[in-house]
Each structure stands twice: as C-alpha cells, then as structure tokens.
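First the structure, in the form of structure tokens, and then the observations on it.
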Amino acid sequence: MGPWETNAYVLICPTTRQSILIDPAGEPETLLEMLADSEPIAILLTHSHFDHLGALDEMRATLKVPLMAHSAAVATRADRWLDHGHIVRVGEHGLKVYHTPGHIEDMICFAIVDDPRVIVGDAIFEGGPGHTSSSEAFRTTLQTLRNVILSWPDDTVCHPGHGPHFRLGDRRAAIEAFLSKDHGTFFGDATWDM
Ligand SMILES: [Zn+2]
Ligand SMILES: [Zn+2]
C-alpha cells in the first residue's frame, strides 16, 4: 500500500468471520475489499510511523471500530493501549502482543496464538533489522533481537511491514552473527552481514 510499499494485513476468524485490520497504510478501497464478508472489530497499529497510517483516518471513520496501539504511541489517539503480553481476541483466535522497541519506542509485534505467523511490522526484515535513528535506538534494537525475537521458535514465520515474509530459523544464524559483532556507535539502515 502507498508510496512506501507498506504491507497491510487483514486477519479473519474463519468460524465467526470477525476480523482485524493491521496497519491501514493506504488504498482504503483495497482494504475494504480485503475485509469483505467479515465483521471488523478493531484496527491495530504495529507502530506509529506515517507510512503505516496513510488510510487510518478514513478507515476509522468508515469502520467505526476501536484503534489499538502501544501505549508509547501517544500521537495516535488510540481507544485501547496495548502492552507486552496483552492478547487481542479475534473471534476464536488471539493475537499476543510483543513489545519490540528500537526502530521506534512504540513498535509491537502480533503473534497469532497457536500458529507460527507473527506480524512483525518494521522490527525485523528478511535482510536486517528496522532502521534506527540514534545509536541508543540501535542498542535497543539489539536487545529486542536478543531477548524477544530470538526467543521465538525457528518455525516462526515473520510477516514484516515491508517486503516478503520469511522463516525465522532461516535467518537465525545470520542474526546471531550480527549480534556477536561490535557495532560501536552505529545507527541507521543495518543488514545482517555487516
Ligand atoms: Zn517504521
Ligand atoms: Zn514502515
């Protein structure tokens, strides 16, 4: 969706047809098509960067459902604040919230309970972690990778905010090698092989 080719996600409970929209990045008509034949119950944000919010106001006005975001996302006027460990129910399914700061303080991931898929936003991509804007933020990213993301099983399938999805186990060795190096005061766009 939109000029930054951001991935938006719609998750629908096949039994109850309840659905949630994650990151309404743009193209409201496409989002409504994705939500067709379902009962939307919430809009969720992985984080508050503008490239994930392009159609937020329009989708909020159209769907009239609560907006949920991490409690550090103060600029987004959410109806419900999410924190690490919270579960968002969608019909017979649940999404577990993981706080994964670094790229931005309000970055969260949504893991589908009893399913290998995780919506990871810009926390991690196939080729590297999300962009950081200070060396402190980069150090936070390193902690998030070590303490949160690498704690997930190898079969985890990460669905990021940009680009293709990937299996965590296929990247684990590269991420561990990346974490084992001294990156000094680096921040910015990182790749696993640096
Ligand atoms: Zn972002
Ligand atoms: Zn993004």
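Just so you know, these numbers come straight off a predicted model, no measurement behind them. Atoms within each ligand, like the ligands themselves, are counted from 1 in listed order. Computed from heavy atoms alone, side chains included, the values below leave out hydrogens, waters and symmetry copies.
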Let's go through Y9 and T46 carefully: what are the C-alpha distance in whole Å and the side-chain angles of both, what is the deciding distance for side-chain contact (heavy atoms from CB on, under 4.5 Å) to 0.1 Å, and is it a yes or a no? CA-CA 11 Å; Y9 295 91; T46 60; over 6 Å; no
Report the hydrophobic cluster partners of I104, with the cluster defined as I, L, V, M, F, W, Y residues connected by side-chain heavy atoms closer than 4.5 angstrom, directly or transitively. M107
Under 30°, 30 to 60°, or over 60°: which ring-plane class applies to H49 and H47, parallel, tilted or perpendicular? perpendicular
Going by atom type alone, with no hydrogens or angles, which donor-acceptor pairs under 3.5 Å involve a side-chain atom of residues 1-8 and a protein atom two or more places apart or on another chain?
unit_1	atom_1	unit_2	atom_2	d
T6	OG1	D51	O	2.8
N7	ND2	P160	O	2.9
N7	ND2	G163	O	3.0

Answer with yes or no after comparing the ring centroid distance for H52 and H162 against a 6.0 Å cut-off, counting only values under it. yes
With 2.8 Å as the threshold, which protein atoms of type N, O or S lie near the Zn ion (ligand 2)? Leave waters out. D51 OD2, H52 NE2, D122 OD2, H162 NE2
Would you list the pairs meeting salt bridge (charged side-chain N to carboxylate O under 4.0 Å, His left out) in which at least one residue belongs to residues 146-164, sequence neighbours left out? D154-R172, D155-R167
